[in-house]
Amino acid sequence: MTDIKVEEKWQKKWQEADLFESDPNDKKKIFITVAFPYPSGAMHVGHGRTYTVPDVYARFKRMQGYNVLFPMAWHVTGAPVLGIAKRIERQDPWTLDIYKNVHKVPEEELKKFVEPEYIVKYFSEEYHDVMTRMGYSIDWRREFKTIDPHYQKFVGWQFRKLKEKGLVRIGEHPVKYCPECGNPVGDHDLLEGEGVGINELTLVKFEIDGEYLVAATFRPETLFAATNLWLNPEADYIRVEVDGEHWIISREAYNNIKNQKKDTSILSDVDAPSMIGKYVKNPLTGEKHIILPASFVDPEYATGVVYSVPGHAPADYIALADLKKDVKTLEKYGIVKEVQAIQPIGMIHLKGFGEVPAQEMIEKFKVKNQNDPNLKEATNEIYKLEHAKGVMSNKTGKYEGLPVSDARDRVIVLLKEEKRGDVMYEFSERPVICRCGTKCVVKILDDQWFLKYSSEDWTEKTYKCLEGMNIVPGEVRANFQYYIGWLQDWACSRRIGLGTDLPWDKKWIIEPLSDSTIYMAYYTIAKYMKDIDPEDLNDAFFNTVLLGAEPTSDIKIDKETVEKIKDEFNYWYPLNWRLSAKDLVGNHLSFHMFHHAAIFPQNKWPRGIVVFGMGLLEGNKMSSSKGNIVMLEDAIKTYGSDVVRLFLMSSAEPWQDFDWREKEVRGISKRLNWFIEFADRVEEINGKVELKGHETAPEVSKPVNAWILSQLNMRMRDATKALEGFQTRKALQESLFLFKKDIDHYFHRIEGMDDEISRKEIGKVLVHILNVWIRLMSPFVPHAAEELWSTHGGEGFASEASWPQYDSDLIDEKVQKSEEIVQELANDINEIKNIIGVKPSKVHIYVAPEWKWKVFDIAKEVGKPDMGRIMGQAVKQNVHDNKKEIAGFAKKVTREITRVNYVGRIDEYSVIKESLDYLSKEAGAEVLVYDEPTYDPEGKSQNASPYKPAIYME
RNA sequence: GCGGGGGUGCCCGAGUCAGGUCAAAGGGGACAGGCUUAGGACCUGUUGACAUAGGUCUACCAGGGUUCGAACCCCUGCCCCCGCACCA
C-alpha cells in the first residue's frame, strides 16, 4: 500500500497547486458528474466505487490533454433525515446503535442530530473529507447543498419554466398516511411495513333496498361468475353516506375510505347477522345473489365485504364447501336449501384446466379449509395464470373471447362510468404502522402537483434526447427506451421534508427527485454564487445565463459578471457524462433526460450516461441498516486509498456488481507493492533512474527487448481503448495484471544477460517502461504514481503528465510469435521430460525445412481448411520432390492451420540460436539447434513444422 | 405479469456481438517445490482425465439444429438475478 502520510502529502500538494480547479480555457473540455450523495450516513466502500469511477476517467482525460470538470455537491432535500432526527430525539435504541456503531458518530455530535440540518451538515463534511482522502480530483469551489438559497432560486426558475411550458398539472394521488401525525409517511417513518406498495382495488356496488353493499376486488371481470356475497357476522358493519349514496361496509373499512372519498359520514350501525340470507343485485349481470356468512372475511381489509366466485377463487370455493358442511350455521340462518343449491360457475377458459380451476388449485396446493395458509398461494397462482393466459368464455356476453386482462380493464371502465363501481386503495401488505404506533391508511391528496411525463410531446422529445446519447453499458439503452415510454405523471410536491417551496403554491415542497434533474448546469455557475445575493437571482438572470435570452433591465447583477457566468455555462455545457446507479434508470436518469429536453435547446442536451452496479460484501448485499458494510474510512486506514481505488476499479466493471472480499483486497495490496518495488528493481539494474526524457522507446537490438516493447505498446493500446469506454477492469487487466506477467517473463528471460551491452540496453528499456507504466497507473493509484514519479526524476506532477501514446509500429506480431515459439519450445521440452521420465543431457532442435513453410503459405492463402486445394497447390508449385511427404504434411496442415495463428515466415533458426542460453537453463541440459538435420539418429527432424520445431533428446 | 440481464473449471470472473489462435485470460483458494530458524512475504510449478516424445479423450445449464469446425450462431426446455414509482 501507499503510506497514508504519503497520500496526504500529495493531496495537499495537489490542493496547493489548484490542480483540479477547472476554468474555461481554449482546450477541449470534458464535463463529468456523478449523482451527488444524500449524506444521511457515513461513506462505505460501495460509495467509494461510485465516486472513484468518474475520478479515474477525469484523471485519464486530463492526462490526455482535456480541460476536465469534475464537481461535487450534496443532495440534502427529502424526508429521511427528518425521521432520523425524530428518532434520535426519542432516543430510539436501534437508530442510536446504528449511528454510534455503524456510522461511528461520536457521542457529542450525536446529541446534535435532533436537528435534521445538522445531520446533513455533519455527513456532508465527512463525505468531503473522505473524498479528499480518496484522492478525488474534484473542483471543490463548486460545492453546494440543495437547500442553499442560491440553489433554491435555480430550482424555482426550473419549475416556473416547466409550468410555463404546460408540463405541470394538479390532481389526486394516494399516499401512505398516518392519521395520528396528520402527515404522509415515508418508509423511514415506519415501524412496520417498509416497502409496502399501494394497490388499486375496484369497488363493486351490490344493490339492496336502495342501498349498496360495496365489495372490493382485484378481479371485477369475475362478476359473471359471482354466486353470493360474504359478510363476517363477527365483524362490525356500518351504514355510511358517500357522495349521496348509502354504503354498507365494515367499521374498520370506513377509517380507510374516509381518507379517500370526500364528504363521507356515518349514518348508523348495521346488524350483520340479520343481513345473512338476504339478496343483493349484481351490478353487471342483474342477477340476485344471497348474502352468506364467512369467517375468512377480514373487516380490516378493503371494505370487509366480499363477493364470491367459487369457480375461480379458491378461498370462495373452500368457504362454500365449508359452509355446506356446517349444518348448524345453515340452520341458524335458515339457508340450508339455498346454500346447497349453489354450484361454482366457470367463466374463463384456461389451458390445462377444466370448468372449475379453483377446485383444481385447492387440490394441487392441498388446502384443507378456509384458514389454511396454502390458500394464499393457490389464490396467487390462479390469479397469475388467468391474468396471463385466461380467455373469457361464452358466459361473459360481449366479453367472450377477450383475454382476461383486457376484459378486466373494460369492466372497470364500465363500472366506473355508470357509477356501478368505484375505486379504492389498499396496502399490498399489512400491517403498516407509523413510528408513533398508529396504523397507517391510504389517503388521497387531491391538490397534488404532477410533472406530466405521460405527455406525448414531452416523451417524444426525450426519446430524441436518448437517441443522441452514449449509454454505457449499451444494453441499458433498451431499459431507458422502456422507462421513458412507461413513466406516468409524477407527483412532484411534498408536504414534509427539506427542500424548495413550489414557487406558485408555497404549502408544497418540491419532491427531492424532481429538484435534482438539471443541477449539473448549476455546477457551471456555482463558483460565482458566493459573491451574489440570492435575492438578485431572478428569472431574467437565469434566462440569460442558461438559455441565452437577451439581457433585460430586470437583471440585478452587473452586466460583466452575467456575461462571464453565461460564457462559463456555455463552455462546459452540454454535460458529457452522467454517472449513476442502476436503480435510478427508471427515475432520476430518465427525469434527467426529460427535464433537459424540456428546458434546454438540443445542443445543451446531455451526451452520455454510465450506469453502476451494486456492491456486495463477501458475497452478500451491502446494507447500512443491517451493519453489513465496510466504511470507506476504515478501508483507507487499513489499506491506503490507492489499494481501495485499485480494488474497486479492478474487481468488476463499473456496471457490474463488485464484491468486497478481504482476501482479494489483500491480493491487490500485494500487487501494488510489487509495482512500487518494480521501480527499485529498475534502479538496481540500471543505476540511478532519471525518468525525464524517457517518454519514447529506445532503439533495441535484442529480440527480448523488442518483444517487451511490443507487449508494452499492445497493453497501452488496449488499456486506453478500454478506459475510453469506462472499462476500468479491462484497462487494469491489460495495464497492470497482464503486463506484470509480461515483465515477470521478461525478468526471467534476461537473467544471466550480464554483458555490458545487454545490461545497457535492458536498462534503457526498463527506464522507458517505468516512465510509461507510472503514467498508465496514475489515474488508478495517483498517490503511488506521484511518489514514484517524483522520486525517480519525473517532470512535474504525474497527475499532469501526458497519457502514454502507443506506437503501433512497435506492436509486432512476428516478434511476439518468435517469443512464443521459444517459450513453447521450453514448455514442450519439459513436458516430454515429464512424460518419459528421463533427464536428457542434450536436446537437439530442428527447424522446419523451406518446403513446409511454402505449404503453410499456401494454406494461409487458401484460407479454409480445404485439404484438396492445399494439396493441389503444393503439388502444382512443386514445393518438394516427395509427393507422399507433401500429402502427409498437407493433411497435418489442414488440421492445424486454423489452430495456429500463422503470421508469416519467421527465421526460427536465428531466433532459437539467440535463445540457446535461456533454453538450456530451462531444460537443464545442453540445447543445440540445427538448420539442417546433420545429426538426427531417430529421424525426429521430420516432425518439425513451422512454429513447432522438432525436438530430439538424449 | 411487464421490462431488462444472466447460467463458463473448487470460488469470483473474461471470452459470446465479428465461429477456428479455447482445455478456455486474470484473480482468489488448494497442492508441491525454492527461499527462510519458523511463520508471513516473495519466487517457480501444478490445479478435467489418461498418456514412456510434445498426444488423445471428455468438457462451457439441458436437449436438438446449422457448419469442414460451436462456449460463441439458431430453436426448445429448465433455472437464477434486477427494476416496476412518488422513495433517496
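Predicted model, so just to flag it, every value in this text is computed and none were measured. Each chain gets a letter, A, B and so on, in the order the sequences are listed, and its residues count up from 1.
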For B:C60 and B:G48, measure between their P atoms and round to the nearest Å.
-> 15 Å

Pairwise C1' distance for B:G6 and B:C72, with rounding to whole Å = 15 Å

Check whether any side-chain nitrogen or oxygen of A:W674 sits under 4.0 Å from OP1 or OP2 of B:C43, and answer yes or no.
-> yes

Given atom CZ of A:F591 and atom C1' of B:A88, what is their separation to the nearest angstrom?
-> 12 Å

NA contact type, A:Y482, heavy-atom cut-off 4.0 Å: base, sugar-phosphate, or nothing?
-> base

Rounded to the nearest angstrom, tell me the gap between atom CD in A:Q727 and atom P in B:G26.
-> 18 Å

Return yes if a side-chain donor-acceptor contact under 3.5 Å exists between A:H312 and A:E221, otherwise no.
-> no

Separation of B:U21 atom P from A:Q823 atom CD, nearest Å, is 20 Å

Using purine N1 to pyrimidine N3 plus N6-O4 or O6-N4 for Watson-Crick, or N1-O2 and O6-N3 for G-U wobble, each under 3.5 Å, what pairs with B:G1?
-> B:C84

Between the side-chain atoms of A:N479 and the base atoms of B:G4, is any donor-acceptor pair under 3.5 Å?
-> no

At under 4.0 Å between heavy atoms, what does A:N943 touch on the DNA or RNA strands: base, sugar-phosphate, or nothing?
-> base

Touch check for A:P949, heavy atoms < 4.0 angstrom, all strands: base, sugar-phosphate only, or nothing?
-> base

Reckon A:Q488 touches a base, only the sugar-phosphate, or nothing at all at heavy-atom distances under 4.0 Å?
-> base

Consider the side chain of A:W486, meaning its heavy atoms from C-beta on, and name the nucleotide among B:A85, B:U21, B:G13 that approaches it most closely.
-> B:A85

State which of B:G26, B:G13, B:U56 makes the closest approach to the side chain of A:Q733.
-> B:G26

For A:P865, report the nucleic acid contact type (base, sugar-phosphate, nothing); a contact means any heavy atom under 4.0 Å.
-> base

What parts of residues 579-588 of chain A reach RNA chain B, counting only heavy atoms under 4.0 Å away?
-> A:L584, A:N587

Take the angle between the ring planes of A:W74 and A:Y127 and call it parallel below 30°, perpendicular above 60°, tilted in between.
-> perpendicular

Verify the ring-centre separation between A:Y902 and A:Y947: is it less than 6.0 angstrom?
-> yes

Check whether any side-chain N or O of A:E653 sits under 3.5 Å from a backbone N or O of A:Q656 as a donor-acceptor pair, and report yes or no.
-> no

With sugar-phosphate meaning primed atoms plus P, OP1 and OP2, does A:L738 contact a base, only sugar-phosphate, or nothing at under 4.0 Å between heavy atoms?
-> sugar-phosphate

Name the nucleic acid region contacted by A:Y952, choosing base, sugar-phosphate or nothing; use a 4.0 angstrom heavy-atom cut-off, strictly under.
-> base

Output for pair (A:F739 CZ, A:F678 CZ), nearest 0.5 Å, gives 6.5 Å

Roughly how far apart, to the nearest Å, are B:A70 and B:C17 at atom C1'?
-> 15 Å

Look at the side chain of A:R729 and the base of B:A25, then say whether one donor and one acceptor between them are separated by less than 3.5 Å.
-> yes

Return the nucleotide paired to B:A23: Watson-Crick means purine N1 to pyrimidine N3 with N6-O4 or O6-N4, wobble means G-U with N1-O2 and O6-N3, both under 3.5 Å.
-> none

For residues 585-592 of chain A, dump all side-chain donor-acceptor pairs below 3.5 Å to protein atoms at least two apart in sequence or in another chain.
residue: A:H588; atom: NE2; partner: A:R578; partner atom: NE; Å: 3.3
residue: A:H588; atom: NE2; partner: A:R578; partner atom: NH2; Å: 3.0
residue: A:S590; atom: OG; partner: A:V585; partner atom: O; Å: 2.7

Find the distance A:M953:CE to B:U52:C1' and express it as a whole number of Å.
-> 11 Å

So which nucleotide from B:A25, B:A53, B:A41 ends up closest to the side chain of A:I836?
-> B:A53

Rounded distance (Å) that lies between atom P of B:A88 and atom CG of A:L589 | 16 Å

Could you check how far CD1 of A:I951 sits from C1' of B:G55, rounded to whole Å?
-> 13 Å

A:K864 side chain near B:C68 phosphate (N/O to OP1/OP2, under 4.0 Å) | no

A:E200 atom CD is separated from B:G1 atom P, nearest whole Å, by 21 Å

Ring center gap for A:H745 and A:H748 short of 6.0 angstrom | no

Can you tell which of B:C42, B:G29, B:A53 lies closest to the side chain of A:K670?
-> B:C42

With sugar-phosphate meaning primed atoms plus P, OP1 and OP2, does A:A950 contact a base, only sugar-phosphate, or nothing at under 4.0 Å between heavy atoms?
-> base

Taking only Lys NZ, Arg NE, NH1 and NH2, and the carboxylate oxygens of Asp or Glu, determine whether A:E819 and A:R749 approach each other closer than 4.0 Å.
-> yes

What is the pairing partner of B:G29, taking Watson-Crick or G-U wobble pairs with both distances under 3.5 Å in any strand?
-> B:U47

Kindly write out the residues that satisfy side-chain contact (heavy atoms from CB on, under 4.5 Å) with A:K852, not counting sequence neighbours, or none if the list is empty.
-> A:A848, A:P849, A:F889, A:P946

On a whole-Å scale, what distance lies between the P atoms belonging to B:G26 and B:U58?
-> 26 Å

Could you measure between the two P atoms, the one in B:A59 and the one in B:G1, and give it in whole Å?
-> 34 Å

Whole-Å distance separating the NZ atom of A:K730 from the P atom of B:G13 = 18 Å

Nearest-Å distance once atom P is located in both B:C31 and B:G83 = 39 Å

Whole-Å P distance, B:G33 and B:G39 | 12 Å

Touch class at under 4.0 angstrom, heavy-atom based, for A:I668 against every strand present | nothing

A:F647 ring center near A:Y639 ring center (under 6.0 Å) = no

Assign A:K741 to base, sugar-phosphate, or nothing according to its heavy-atom contacts below 4.0 angstrom with the strands shown.
-> sugar-phosphate

Flag the pair A:E684 and A:R681 as a salt bridge only when some basic side-chain nitrogen lies within less than 4.0 angstrom of an acidic carboxylate oxygen.
-> no

Closer to the 5' end of RNA chain B via nearest nucleotide, is it A:F737 or A:D657?
-> A:D657

Pairing partner of B:A62 (Watson-Crick or G-U wobble, both distances under 3.5 Å) = B:U76

